[in-house]
K.L.:
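Let me give you the structure first, and then I'll get to my questions.
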Amino acid sequence: MKLIITEKPSVAQNIAKTLKVEKRRDGYFEGNGYLISWAFGHLFTLYDAKDYDLKYSKWSLQNFPFIPTTFKYKLLADSGVKKQFSILKDIASRNDIDEIINATDADREGELIFREIHEHVEMKAEKKITRLWLSSHTPEDIHKGINALKNDKQMQNLKNVAYLRQRLDWLVGINLTSVASLKFGGFKNTIYVGRVIMPTLKLVYDRDISILNFKVEKHFELEATFNPKLSKSAAAAQTANALIYTGIYISEEQIKDIKKIEAIKKEVEEKKLGEIIKKSVKKVNEKAPRLFSLTDLQGYITTKNKEFTADIVLKTAQQLYENKFITYPRTPSRFLNKSQVDDAKRVFNILIAKYAEKYAAKYADLNFKFIESKEIFDDTKVDSHPAIIPTYIIPNDNQLKLNEKIIYEAIVKRFLAQFLPKAVYENCEVITKVADHHFKTSKRYLLEEGWLKIYGKDVGDSSEGRDNNDNKNNKDNVFSSKLIKEKQTVEVVETKILPKETTPPKHYTEATLLSAMENCGKKIDKEDIEHVLRGYSIGTSATRAETLQKLKRIDYIEMKNKNVLISDKGKKVIEVFPVKELLDPDFTGRMEKTLKDIEVGVEDHLKFYESIKEFVAKSVNQIKNTKNYLPQPQLPPQPQQRPQPQPAQPQLQSQVKTFGKCPKCAADIIEGKRGYGCSNWRSGCNFVIWKEEKL
C-alpha cells in the first residue's frame with residue numbers, strides 16, 4: 001500500500017477521484033492500493049523563544065541574540081489540526097504501508113509542510129519516500145506524475161532550502177523584532193522586523209521621499225506646424241491641408257529662459273520656409289507579450305481592475321489551479337518546457353474550437369497557427385515551474401465566479417496570443433530644418449493588428465495596447481506618401497510656445513511594487529532575471545502578495561486609491577532602524593539568490609546557515625548599541641488631584657509574575673490581557689509590547 005499526503009483536503013479528493021480510491025474514511029481515502037490523506041497547510045509551527053526556556057518570556061535585551069542549537073516544532077493549537085495529525089500518524093505507521101508519496105504543492109513551502117509531518121510521525125520501520133511533482137491537477141497530469149515519481153534524493157536540496165528559509169525568517173523575526181521593540185518601541189508601537197518586509201518598505205519609503213523632495217522645474221518647448229509645398233498637379237490631387245504636420249524643436253537641454261525660446265520662435269516665423277532634411281519610415285514587428293508568471297498576472301489584473309489586490313489574484317488563481325482549469329500559478333517563469341509542446345497544442349486546439357463556436361463573428365478572421373517556437377518553449381528559462389497556461393479542462397461559464405472568470409480569460413487570451421501573427425507598426429520620423437533650427441516629428445501607425453485582434457476593445461493597459469499615436473488605418477499616415485520626401489520645401493504655418501513642467505516619479509502601485517520586488521528595485525531586463533540572475537529578488541512569486549498584506553496589517557504602508565504609500569509609522573521605522581543591510585534590496589536579493597543556488601545544488605546550505613547566524617548576532621548587537629529612539633506619543637496631561645486615602649490591600653506582589661525590567665523606567669514588566677506592559681503605568685509610563693504575531 002502507498003500513502004499519499006496532500007497539502008489540502010480538496011487536492012486529496014481530486015487525486016482520489018483520479019486514482020479511483022473510492023472508500024471515504026475519517027480523515028483519508030482508501031482503495032485501489034492507496035491511502036490518501038491531507039494536511040491543512042502547515043500543521044506545525046516553530047517553537048517560540050519562550051518555549052525553549054521561560055527566561056525568554058522576559059522582555060530583556062540581555063536575552064538576545066537567541067539562536068537555538070536545534071529548532072523544535074509544536075502542533076498548531078487547533079483541535080482539527082490535532083485530530084488530522086493523529087490520523088496521519090496512525091495510517092503512516094500501518095505495517096501495510098511501504099511507501100509514502102509527498103503530494104504537497106510543488107514548491108519550497110509544500111516541501112516544508114510534508115517534512116514537518118514526516119519528521120513527527122514515529123514509524124517502527126523506515127518507509128520509502130517519493131515525490132509527486134505536479135504542474136496541474138488534471139487527471140492526465142496526475143497519472144503522468146504517479147508514473148514518474150521523483151525519489152527522495154532528488155528532493156534534498158529543496159528540503160534544505162525550505163528549512164533554511166523558515167529558520168532564516170524565524171531568526172531575523174524573533175531576534176530583531178524583539179530587540180527593536182525593546183529598544184525603539186513603546187505605547188502601541190511594536191517594531192516588526194522581517195527579512196522581506198524591510199527592503200520592500202524601503203522601496204516605498206525611497207519613492208515617497210523622492211516625490212516629497214521633488215522640485216518642479218519649468219521649461220519651454222517650441223512647436224511648429226508645417227505644410228509641404230507641392231507642385232500644382234500634386235496639390236490638386238490632395239485634399240486641402242491633408243499633409244500638414246507638426247514638429248517639436250530639438251534642443252540638447254531643456255530651455256528654461258522664455259526669452260531664448262521667444263527669440264527662436266521669431267526667427268522661425270520670419271524665415272517662413274523650411275526643408276525636410278530627413279525622412280525615415282520603418283516597419284516594426286511587435287510580438288505578443290510573454291506568457292504569464294504570477295507577478296505578471298498580478299500586475300496585469302490589478303492594473304485593469306481596481307477591485308483586485310495582488311493577494312486576491314493569487315488566491316483566485318490558486319482556486320482555478322485546484323479546480324484543474326489552469327497550471328500551477330506560483331511560478332516566476334514566462335516560458336514553457338519543450339516537453340509541453342504536445343500538451344500545449346492539445347489545449348490550443350480545444351480553446352480554438354470553443355472560441356470559434358462561442359465567438360464566431362469576433363474570431364472568424366483571426367489567423368491562429370500553432371508553432372513550436374523558442375519564444376514560447378525554452379527549457380533554459382523555466383524555473384521550477386513553467387508559465388501559467390490553461391489546461392485542457394475548459395470550464396463552462398456557470399462554473400466560474402466573476403473574479404475567476406476575469407483571471408481565467410486573461411490567461412486564455414495571453415496563451416492564444418502566442419499563436420497569432422505579430423502586430424506590424426510603421427514608425428515614421430521626419431526632421432525639418434528652418435533657418436538653423438531643427439524640428440522632430442515622430443509618429444507610429446498600426447498597419448496590421450495581428451495578436452492585438454484578440455483583445456479588441458480590451459487593449460489599452462500597460463501590457464497590451466495601442467499607443468495613443470497609433471492609427472489603425474494606414475491611409476492616415478501622411479509620411480507614407482511619396483509626396484513628402486527629403487529636400488521637400490515646407491511652409492511654416494504656425495508656431496506655439498508650450499509651457500512644460502518636470503514631473504515627479506509616480507507612487508508605487510501594487511503592480512509596480514511587485515515588479516520592483518521581482519528585480520530588487522533595479523532596472524533589470526526580465527530575461528536576465530529569468531536566466532542569468534535567477535532567484536535574485538525580494539521574496540518569491542509565492543510570497544510577495546502576502547508581504548504586501550503584512551505591511552498593510554502592521555500599519556507600515558497604506559493604500560490611497562491604487563497608490564501604495566508609506567505610513568508615518570513605516571517612515572519612522574525606516575529612519576531609525578540601524579541595520580542598513582536589511583533595508584537594502586540588493587542585500588536581500590543576494591540572500592534570496594543564495595537560497596535559489598542551494599535549491600539547484602551550487603551553494604552549500606550549512607555554510608549559508610552559519611552566515612545567517614553571524615548576521616543575526618551582529619544585527620542584534622548593532623540595535624542594542626544604537627542611541628536613536630522612535631518619538632513616542634505623549635499621553636494627555638493628567639489633572640492634579642488631591643491624594644485620597646486608600647484602604648489597605650493584601651500583599652499580592654509575590655503572586656504576580658514579572659517579565660523583566662521596563663527599559664524606560666526600570667519598573668517590572670507584567671502581563672496583561674493584550675500585552676506585556678510596565679507596572680508603573682498608573683504613573684504615566686507608556687511602555688507596552690502588544691501580543692501580535694511577529695514577522
Side-chain angles (χ1 to χ4, degrees), residues 107-109 165 168-169 172-173 192-210 290 292-303 308-315 317 329-334 383-385 388 462-463 505-530 532-554 556-559 562-567 570 573-574 581-596 695:
D107 56 19
R108 281 184 204 167
E109 214 60 24
R165 195 283 311 157
L168 164 60
D169 288 345
V172 170
Y192 294 96
V193 179
R195 175 181 65 93
V196 177
I197 66 169
M198 299 303 281
T200 305
L201 183 64
K202 184 63 160 55
L203 288 175
V204 180
Y205 172 87
D206 287 346
R207 178 62 59 88
D208 285 9
I209 291 298
S210 67
R290 300 273 187 223
F292 281 126
S293 67
L294 176 59
T295 300
D296 288 341
L297 180 64
Q298 288 169 319
Y300 177 82
I301 295 294
T302 56
T303 298
F308 278 90
T309 64
D311 189 53
I312 291 174
V313 174
L314 174 56
K315 289 177 179 176
R330 299 168 185 262
T331 174
S333 303
R334 300 172 175 87
D383 185 2
S384 299
H385 289 278
I388 308 168
S462 60
S463 297
K506 292 182 179 180
H507 287 288
Y508 278 118
T509 63
E510 282 200 350
T512 57
L513 183 54
L514 287 168
S515 181
M517 292 171 72
E518 187 178 33
N519 57 27
C520 294
K522 292 178 169 54
K523 291 183 178 180
I524 300 174
D525 189 88
K526 287 183 177 181
E527 301 286 338
D528 291 332
I529 291 292
E530 291 164 346
V532 181
L533 297 177
R534 185 171 292 171
Y536 176 80
S537 62
I538 299 175
T540 65
S541 297
T543 61
R544 292 184 195 117
E546 176 56 23
T547 296
L548 300 190
Q549 290 299 105
K550 285 181 180 178
L551 286 166
K552 295 174 192 176
R553 205 160 52 234
I554 61 180
Y556 278 9
I557 63 172
E558 54 195 22
M559 301 297 297
K562 280 284 185 180
N563 293 332
V564 181
L565 309 177
I566 196 162
S567 67
V573 168
I574 289 294
E581 296 101 319
L582 204 58
L583 300 178
D584 182 2
D586 183 63
F587 176 79
T588 299
R590 285 184 280 112
M591 190 178 290
E592 192 67 52
K593 176 136 186 7
T594 303
L595 288 171
K596 187 64 186 177
L695 298 176

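Sequential numbering from 1 along the given sequence is applied to the chain's residues.
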K.L.:
Hey, what do you get for CG (L168) to CD (E592), rounding to the nearest 0.5 Å?
P.N.:
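Going from CG on L168 over to CD on E592, the span is 8.5 Å.
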K.L.:
Once side chain to side chain donor-acceptor pair (under 3.5 Å) is applied, do any residues pair with T543, and if so which ones, sequence neighbours excluded?
P.N.:
T540
K.L.:
Side chain of D383, backbone of P332: donor and acceptor closer than 3.5 Å?
P.N.:
no
K.L.:
Please confirm whether the backbone N or O of V313 pairs with a side-chain atom of Q298, one donor and one acceptor, at under 3.5 Å?
P.N.:
no
K.L.:
If I take atom OG1 from residue T588 and atom CD1 from residue I197, how far apart are they, to the nearest 0.5 angstrom?
P.N.:
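Rounded to the nearest 0.5 Å, the OG1-CD1 separation comes out at 11.0 Å.
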K.L.:
Closest approach of L201 and G570, non-hydrogen atoms and distance?
P.N.:
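Here L201 and G570 meet closest at CD2-O, 3.8 Å.
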K.L.:
For the side chain of Y556 and the backbone of V573, is there at least one donor-acceptor N/O pair under 3.5 Å apart?
P.N.:
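Checked: no pair found.
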K.L.:
Specify the closest pair of heavy atoms between G194 and P199, including all atoms of both residues, with the distance to one decimal.
P.N.:
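Looking at all heavy atoms of both residues, the shortest contact is O-CD, 4.3 Å.
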K.L.:
Taking only residues two or more places apart in sequence or in another chain, which ones pass side-chain contact (heavy atoms from CB on, under 4.5 Å) with T509?
P.N.:
A511, T512, K562, N563
K.L.:
Can you name the residues that form a side chain to side chain donor-acceptor pair (under 3.5 Å) with S293, not counting sequence neighbours?
P.N.:
D296
K.L.:
Would you compute the distance between atom CD1 of I566 and atom NE2 of H507 and round it to the nearest 0.5 angstrom?
P.N.:
11.5 Å
K.L.:
Listed by chain and number, what are the side chain to side chain donor-acceptor pair (under 3.5 Å) partners of D586, not counting sequence neighbours?
P.N.:
Y536, R590
K.L.:
Considering non-hydrogen atoms only, spot the tightest contact between I538 and P585 and give its length.
P.N.:
CD1-CB, 3.7 Å
K.L.:
Please list, chain by chain and in numerical order, all residues satisfying side chain to side chain donor-acceptor pair (under 3.5 Å) with T295, sequence neighbours excluded.
P.N.:
R544
K.L.:
Can you sort out the partners of D107 under side-chain contact (heavy atoms from CB on, under 4.5 Å), two or more places apart, ordered by chain and number?
P.N.:
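For D107 the side-chain contact (heavy atoms from CB on, under 4.5 Å) partners, ignoring immediate neighbours, are D105, E109, Y328, R330.
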K.L.:
Residues two or more places apart in sequence or in another chain: which of them pass side-chain contact (heavy atoms from CB on, under 4.5 Å) with E581?
P.N.:
V579, F587, F615, K618, Q622
K.L.:
Any chance you could measure Y205, atom OH, to S210, atom OG, to the nearest 0.5 Å?
P.N.:
11.0 Å
K.L.:
Test of understanding: with salt bridge (Lys or Arg N to Asp or Glu O under 4.0 Å), list the residues that count as partners of D311, not counting sequence neighbours.
P.N.:
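For D311, the residues satisfying salt bridge (Lys or Arg N to Asp or Glu O under 4.0 Å) (neighbours in sequence not counted) are K315.
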K.L.:
What's the separation between atom CG in D206 and atom CD1 in I574, rounded to the nearest 0.5 Å?
P.N.:
8.0 Å
K.L.:
Under the criterion side-chain contact (heavy atoms from CB on, under 4.5 Å), I'd like the reasoning laid out for T309 against I312: C-alpha separation, chi angles, the key distance, then a yes or no.
P.N.:
CA-CA 5 Å; T309 64; I312 291 174; 3.3 Å; yes
K.L.:
The criterion is side-chain contact (heavy atoms from CB on, under 4.5 Å); which residues satisfy it with T331, sequence neighbours excluded?
P.N.:
S333, H385, I388
K.L.:
In chain order, what residues pass the salt bridge (Lys or Arg N to Asp or Glu O under 4.0 Å) check against R207, with sequence neighbours excluded?
P.N.:
none
K.L.:
Rounded to the nearest 0.5 Å, how far apart are CG of L203 and CG of L513?
P.N.:
6.5 Å
K.L.:
Start with the C-alpha gap between V564 and M559, add the side-chain angles, then the distance that decides, and say whether side-chain contact (heavy atoms from CB on, under 4.5 Å) holds.
P.N.:
CA-CA 5 Å; V564 181; M559 301 297 297; 3.7 Å; yes
K.L.:
Give the minimum heavy-atom separation between I557 and L548, together with the two atoms involved.
P.N.:
CD1-O, 4.0 Å
